[in-house]
Amino acid sequence: MTLVTNVEALVDLIEATPREHHRKIIALAGPPASGKSTLAERLVEKFNTGAQVVPMDGFHLSNEILASRGHLARKGAPHTFDADGFISLVSRLRNEPEVYYPVFDRSIETAIAGAGFVSKSCDTVIVEGNYLLRDCAPWRDLVPLWDASVFLDIPTNILEKRLIQRWIDHGFSPKQAQTRAEQNDLPNARQVQEQSLESSHIFRPVI
């Protein structure tokens, strides 16, 4: 395990990772509000070869399904994703020339099938999501599919501030935002921190 504090060093480590299939598949895991999406985009921008980001968010179960099961209030927890479908996608990314995948649209709070596309020219995929290293079935079936993995390590107090601010930005009062974070987002963050397997690299940015 390597501790990294800047993007350039992380890019060097990922580029040095051997590619055993048509594509190199890199896991970028971390709690909600840790900055996974931003870091993934920065990595892709700095790679010298064709690279793309594939988010796990497209595998959210629909609000209708979650509501029918009484799970809507816990949206974002591990059991509110199509984990098996996501694992199937990651396995396909290794060698299939062209792969379509669902993309989560936050404006309508639902996933759109076939909205994402990984092209034949792509040789590195950064897969980003909360539970990529989760040490529970079926999530642990992902681990052999990663050529390398990165865990984004952010202090809990910073995560809490970001999660509350996220809800405020969506129009909730500070009190409502804190309640939403405490009831769902922070428990999800703790699960990621406490139940993730060891990664190849830890990214701990200076904040």
Side-chain angles (χ1 to χ4, degrees), residues 25-44 51-93 96 98-119 122 125-134 136-142 145 152 159-160 162-174 176-192 195-196:
I25 310 297
I26 308 298
L28 177 54
S34 58
K36 297 181 298 296
S37 300
T38 300
L39 177 59
E41 293 296 342
R42 289 185 66 192
L43 289 172
V44 166
Q52 292 182 235
V53 178
V54 173
M56 189 188 83
D57 279 358
F59 289 85
H60 274 290
L61 298 179
S62 73
N63 287 354
E64 291 78 12
I65 290 175
L66 294 177
S68 70
R69 298 177 179 180
H71 296 161
L72 186 56
R74 292 290 285 118
K75 187 172 184 175
H79 62 278
T80 66
F81 288 88
D82 174 15
D84 290 322
F86 178 63
I87 294 166
S88 176
L89 169 71
V90 175
S91 66
R92 292 174 57 211
L93 287 171
E96 290 190 23
E98 296 181 341
V99 183
Y100 298 91
Y101 62 91
V103 174
F104 188 72
D105 186 335
R106 295 194 178 278
S107 67
I108 57 174
E109 281 292 305
T110 194
I112 301 175
F117 172 64
V118 177
S119 68
C122 171
V125 174
I126 307 293
V127 181
E128 63 99 349
N130 296 344
Y131 306 115
L132 309 187
L133 298 172
R134 183 172 167 76
C136 297
W139 298 94
R140 66 168 66 96
D141 292 344
L142 287 164
L145 303 177
L152 188 46
L159 292 176
E160 182 173 1
R162 291 179 179 178
L163 289 165
I164 292 172
Q165 187 61 50
R166 180 183 287 180
W167 286 116
I168 292 173
D169 292 343
H170 279 83
F172 291 88
S173 70
Q176 291 172 324
Q178 184 169 354
T179 298
R180 282 181 169 260
E182 289 175 348
Q183 291 181 346
N184 189 34
D185 300 324
L186 287 169
N188 293 341
R190 283 192 290 271
Q191 284 196 64
V192 176
Q195 299 179 16
S196 291

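- In this structure, the side chain of Lys36 does not engage the main chain of Val127 through any donor-acceptor pair within 3.5 Å.
- At distances below 3.5 Å, at least one donor-acceptor pair connects side-chain atoms of Thr80 with backbone N or O atoms of Gly76.
- With a 4.5 Å cut-off on side-chain heavy atoms, Phe86 and Leu132 count as touching.
- For the pair Arg74/Asn188, a side-chain contact is recorded, criterion being any heavy-atom separation below 4.5 Å from C-beta on.
- Looking at Arg162, its side chain does come within 3.5 Å of a backbone N or O of Ala33 through a donor-acceptor pair.
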Practice problem: Kindly determine whether Arg106 and Asp57 satisfy side chain to side chain contact (heavy atoms under 4.5 Å, CB included), including the steps that lead there. | Solution: CA-CA 10 Å; Arg106 295 194 178 278; Asp57 279 358; 2.7 Å; yes

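- Proximity of Leu93 to Tyr101: side-chain heavy atoms (C-beta onward) are nowhere separated by under 4.5 Å.
- When every heavy atom of Gln52 is checked against every heavy atom of Phe117, the shortest pair comes out as NE2-O, 2.9 Å.
- Partners of Glu98 under the salt bridge (charged side-chain N to carboxylate O under 4.0 Å, His left out) rule, at least two apart in sequence or in another chain, do not exist in this structure.
- Shown here is Arg42, whose CZ atom has no more than 12 heavy atoms of other residues, nucleotides or ligands within 6.0 Å.
- At a threshold of 4.5 Å between non-hydrogen side-chain atoms, the residues Leu145 and Ile25 do not count as touching.
- Between the side chain of Asn184 and the backbone N or O of Lys75, at least one donor-acceptor pair lies under 3.5 Å.
- Between Trp167 and Gln176 there is no side-chain heavy-atom pair separated by less than 4.5 Å.
- Side-chain N or O atoms of Glu128 include none that pairs as donor or acceptor with a backbone N or O of Glu41 at under 3.5 Å.
- At a threshold of 4.5 Å between non-hydrogen side-chain atoms, the residues Pro32 and Asn130 count as touching.
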